[in-house]
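Data first, discussion second: the structure below is written as structure tokens.
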Amino acid sequence: MRQSDLLVKDLPAALIARWPGKSAYERDGLCHPAVWHMLDVAAVAEVFLENLPFSQAERQAITLLTALHDLGKIGAQFQAAVLDGRVQQGGKHWEVSEVWLRENADLFCGFGLERPRWLDWVFAASAGHHGRPPDKADFLVMKRNAGLNAPKDARQVIQAFMALWPEAALPAYRREQVLAFSWWLPGFIAVCDWIGSNPDWFPAHSPEIPLYDYLEAARARAKTAVKQAGFIWPRPSAQPLLDQSLRPMQQASQEIPLRDGPMLAVIEDETGSGKTEAALLLAQRMMLAGKASGLYFALPTMATANAMFTRMSKAAGRLFATPPSLTLAHGRAEISKAYRDIRSAPAESPQDVSCAPWLAERRIRALLADVGVGTIDQALLAVLPTKHNCLRLFGLSRKVLIVDETHELGDPYMLPILEQLLRMQAAHGGSAILLTATLPLPLRQRLISAFEDGAGRVAPPGTGPAYPALTVAGGASVQNFAPGPQVGKGPVQITRLSSQEAVVQKLRQAAASGAAAVWIRNSVDEAIAARDLLAAEGIQTDLLHARFALGDRLAHEDQAIGRFGRDSQDRAGRILIATQILEASIDIDFDVMISDLAPVAALVQRMGRLWRHMDLRPLRGRPVPLPEFCVLSPDPEAVSSPDWLRPLLGKGAGIYAPEDLWRTAMLLSQRSHIESPRDLRALIEAVHGDDLADLPAILDTPQLARTGEALSAGAAGRRNALKPEDDYRKGGGNWEDTEFPTRLGQEQRPLMLVREENGGLSLWHRSESRADAEMLSSLQAAVSRLNGLDLPDQTRADIFAVKQDWPDWKQGTLVLPVAADGQICPGLRYQRHSGLLFE
């Protein structure tokens, strides 16, 4: 029997009154006591735990650890900080919480953890709820600074709280479970603490209340507070998700057996095959089986996340029996009109979605919604040593993590971070679905192995090269798909074009025939040059790339989707010049496609936008007789220099690994057509797999250089990612999101365009709010390109007038280029129809 079981459940009112909680709670002369605040947060935890799959003993243990999170407010330093405004010396209150817990470890003898070290990990996790673990400060100094009454009072509070939750225990936890729990717990407590700290939901109360009576009142308030914060825990719906007949991969997602415990599924199919809907069908089944209570859709870019959010705003409600919460998670979510509309309108029907103001208040909270859509970066930050990474882990832990365009995350730096994300997702009991059209087999096996390792299981061997394929790690696999509806485009003819003049001629012919055509270039500079080249030939084009101010880019994207998307009408004879941003998740359809040479995985993605909507535009309705994919490329058998691509592709020649480009060029030179999906696996493995063709000797040196860069980037990714063997105290960090990259690349400098107007400067874009106008006027450019340019003096009076109210960090990082009639400075211009131009 525990010592706490023999104690009364009350605490002296004098003890409760002695230690204040938060100064912000002062009301009518009352200062909310720390003990009451701890019970407020514990009451919130109990509401959350009603919806989480823990045993009674575990729920009481988590509630107790949550209640004790602010035990360090029992101390003279925090008392003086609240009452007199003094700075806390020798340790913050939450670090003192760890001191009192470790000082009273003897009270936890029946807690169920086998080793004292494991108990220390849990103590640090309870205390480290402010986004980072406690510092390894001097415990003796903190104890001495706490005052004479604090040690005795802290012990008495622990004993009283233990009597409130007498069954608290973490029984039979293995070492790996304790490690995972040490990361999950501080995120859980942080959410409960944020809600429990709101004085509108938990106002100040007198200490003259029996302990148990106060807890009962806090429990009633907690139910209202959690609901108003946006946590509604809708039940998953068993109703059919799709109205139309299912495609083969979607049918497989409906039928493949689920496996016990955390589950990873890999969906591999060509672009346009309905992978997104297949993933939603599978996620619905996983939620109905109790594997998750929601999902997070992770996309490669903000643009693709915005597009997916629009789709999910219509589909998410069908996943649940009652309206779910839906959020958008990325740095520019505020600009999304679809997101703003959902935030401002209450859910009125069972298929509506909603987003409470509390959930939308901070980007990191978006991962807590029932359904989240955002960039993969928001998820990867969960396994980098950033502040509140543990909260991201908690937000993902009861979700199906759906990673779209997984093949784009296979670069040497991002891959080890993604592996660790999958490992910790499984360790916390979460599940995942990976979507891809071009995932190499070795990469697929690495991701499966990471997830299975996190689940405490041995990874199974690969399931073979079949394509399309639906694979459940350690479970079933569906590989022999029945033929889908006969709406396919058939074999795609492959044609090599050896000059830009040939490209111009091809596009001229396409426009004359009434075809919708696109030329995809590897770099922004070359895309702008192509537009100018065609304009000189009298051929008008649209332009889409990433070097526009955000407001202009959104306008160009909307125009492109409106002209070339699923429901487009004004497409006959239109030509688009674009960059790689067309590769991922943008639903757009062309009759004729030309692409700069790129690795075959990228070409397959681009090819997925060729003759895409065959149900709406069947073969007989197309203005050209067959799908033709033209690749601008020199002859791969006539390589005479390491720079063999530059004369033809310009700056676009250096975007990709030269060995991938040569192998792709050789592969295509041996083919007259590609039949999708039958040929896709062989194409991918020939360029991105393990058994690769030898390069020409003249390309060996650049390949060695790239190999060295890849090894360095991979080492950086492994170094930055959390280590599976570390507990939260050892592995947690306090870095801001911007200080630990989720992906590598050229260093970028943020710019915010302004223009001269009425004798002063105005932001490039107008909007209802200043924050939106600033975001819409922003873009980025490579630091290496900006260095040496005579940018406007940022201390100029008119520029300072624009940024004078900004915080120091913003003034120091953001550059305001003044675009006067397009000219910013010698060598740099900006135009709405072209973007940022380096001359």
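The structure displayed is predicted, hence computed values, not measured ones.
Side-chain contact between Leu550 and Ser778 is absent, with no heavy-atom pair separated by less than 4.5 Å. Arg671 has its side chain within reach of Asp679: a pair of non-hydrogen atoms, C-beta onward, lies under 4.5 Å apart. Put simply, the side chain of Val624 reaches to within 4.5 Å of the side chain of Val592, judged on heavy atoms. Side-chain contact check for Asp404 versus Thr304: every heavy-atom pair is 4.5 Å or farther apart. When side chains are defined from C-beta on, Asp589 does not count as touching Arg566, because their heavy atoms never get closer than 4.5 Å. A heavy-atom distance below 4.5 Å is not found between the side chains of Thr742 and Ile376. Val504 has its side chain within reach of Glu537: a pair of non-hydrogen atoms, C-beta onward, lies under 4.5 Å apart. Within the 4.5 Å cutoff, the side chain of Ser595 has heavy atoms near those of the Leu603 side chain.
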(message) Pair Trp519, Asp596 - check side-chain contact (heavy atoms from CB on, under 4.5 Å), show working.
(response) CA-CA 8 Å; Trp519 183 5; Asp596 286 359; 3.2 Å; yes
(request) Kindly indicate, with the supporting measurements, whether the criterion side-chain contact (heavy atoms from CB on, under 4.5 Å) is fulfilled by Arg749 and Val815. (result) CA-CA 8 Å; Arg749 179 169 296 161; Val815 175; 3.6 Å; yes
(request) Check the pair Leu544, Ile577 against side-chain contact (heavy atoms from CB on, under 4.5 Å), reporting the backbone distance first and the verdict last. (result) CA-CA 6 Å; Leu544 183 60; Ile577 306 297; over 6 Å; no
(request) Might you work through the side-chain contact (heavy atoms from CB on, under 4.5 Å) test for Tyr467 and Glu685, ending with a clear yes or no? (result) CA-CA 12 Å; Tyr467 186 98; Glu685 295 305 312; over 6 Å; no
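In summary, the side chains of Asp552 and Tyr830 do present a donor paired with an acceptor at a separation below 3.5 Å, with no hydrogens or angles considered. Side-chain atoms of Arg617 and Ser568 form a donor-acceptor pair, as typed in the model, at a separation below 3.5 Å. Counting only N and O atoms by type, the side chains of Asn306 and Tyr339 include no donor and acceptor under 3.5 Å apart. Defined by atom type and a distance below 3.5 Å, a donor-acceptor pair is missing between the side-chain atoms of Thr310 and Ser313. Side-chain atoms of Arg392 and Gln378 include a donor-acceptor pair closer than 3.5 Å. His407 and Thr436 are linked by a side-chain donor-acceptor pair at a separation below 3.5 angstrom, with hydrogens and angles left out of the test. Side chain to side chain, Gln605 and Glu408 fail the donor-acceptor criterion of an N or O pair below 3.5 Å. Defined by atom type and a distance below 3.5 Å, a donor-acceptor pair is missing between the side-chain atoms of Thr579 and Arg521. A donor and an acceptor atom, one from each side chain of Asp542 and Gln559, are located under 3.5 Å apart.
Glu839 CD: more than 12 foreign heavy atoms inside a 6.0 Å radius. The environment of Glu747 atom CD is sparse: at most 12 non-hydrogen atoms of other residues, nucleotides or ligands sit within 6.0 angstrom.
With values rounded to the nearest 0.5 angstrom, Leu421 atom CG is found 5.5 Å from Leu401 atom CG. Rounded to the nearest 0.5 Å, atoms CG (Asp532) and OG (Ser834) are 6.5 Å apart. Atom CG in Leu295 sits 4.5 Å away from atom CD1 in Ile402 (nearest 0.5 Å). Taking CG of Leu328 as the reference point, atom CE of Met302 lies at 10.0 Å (rounded to 0.5 Å). Taking CG from Leu434 and CG from Leu418, the interatomic distance works out to 7.0 Å, rounded to the nearest 0.5 Å. Interatomic distance, Phe629 CZ to Arg606 CZ, rounded to the nearest 0.5 Å: 7.0 Å.
A search for ring pair (Phe, Tyr, Trp, His ring centres under 6.0 Å) contacts involving Phe740 returns Trp735, not counting sequence neighbours. The salt bridge (charged side-chain N to carboxylate O under 4.0 Å, His left out) search around Asp377 returns Arg743, not counting sequence neighbours. Residues passing the salt bridge (charged side-chain N to carboxylate O under 4.0 Å, His left out) test with Arg446 are Glu419, sequence neighbours excluded. Listed by chain and residue number, Asp525 satisfy the salt bridge (charged side-chain N to carboxylate O under 4.0 Å, His left out) test with Arg547 (two or more places apart in sequence, or in another chain). The ring pair (Phe, Tyr, Trp, His ring centres under 6.0 Å) test applied to His613 returns no partner, not counting sequence neighbours.
Nearest heavy-atom pair across Trp764 and Ala549 is CD1-CB, 4.4 Å. Residues Thr813 and Pro750 come closest through the heavy atom pair O-CG, 3.6 Å. What you find for Tyr656 and Ala602 is that their closest heavy atoms are OH-CB, 4.4 Å. Scanning all heavy atoms of the two residues, the minimum distance from Ile684 to Ala601 falls at CD1-CA, 3.8 Å. Between Gln746 and Ser784 the shortest heavy-atom distance is OE1-OG, 3.0 Å. The shortest non-hydrogen separation linking Ala710 to Pro412 is O-CB, 3.3 Å.
For the pair Arg609 (side chain) and Leu582 (backbone), a donor-acceptor distance under 3.5 Å is present. Without hydrogens or angle criteria, Lys506 side chain to Glu501 main chain gives no donor-acceptor distance under 3.5 Å. With hydrogens and angles ignored, the 3.5 Å screen pairs no side-chain donor or acceptor of Glu268 with any backbone N or O of Thr438. Remark: the backbone N or O of Lys651 is paired with a side-chain donor or acceptor of Glu526 at under 3.5 angstrom. Although no hydrogens or angles enter the test, the distance criterion places no donor-acceptor pair under 3.5 Å between the side chain of Asp269 and the main chain of Ala437. A donor-acceptor pair under 3.5 Å is formed between the side chain of Tyr413 and the backbone N or O of Pro741. Not one N or O on the side chain of Thr495 forms a donor-acceptor pair closer than 3.5 Å with the backbone of Cys630. Thr406 places a side-chain N or O within donor-acceptor distance of the main-chain N or O of Val403, the cut-off being under 3.5 Å. Listed for the Arg332 side chain is no donor-acceptor partner under 3.5 Å among the backbone atoms of Met775. A distance-only check finds no donor-acceptor pair linking the side chain of His688 to the backbone of Pro442 [under 3.5 Å].
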Residues 632-646, side-chain donor-acceptor partners within the protein, below 3.5 Å, at least two apart:
from: Asp635; atom 1: OD1; to: Glu637; atom 2: N; distance (Å): 2.9
from: Ser641; atom 1: OG; to: Asp643; atom 2: N; distance (Å): 3.0

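Using a 4.0 Å cut-off between a side-chain N of Lys or Arg and a carboxylate O of Asp or Glu, Lys275 and Glu405 do not qualify as a salt bridge. Taking 4.0 Å as the cut-off between side-chain N and carboxylate O, Arg612 and Asp587 count as a salt-bridged pair. For the pair Arg663 and Glu659, the salt-bridge criterion is not met [side-chain N within less than 4.0 Å of a carboxylate O].
A cation-pi geometry, defined here as NZ or CZ lying under 6.0 Å from the six-membered ring centre and within 45° of its normal, holds between Arg622 and Trp611. Seen from the ring of Phe838, Arg785 counts as a face-on cation partner, given the 6.0 Å and 45° thresholds.
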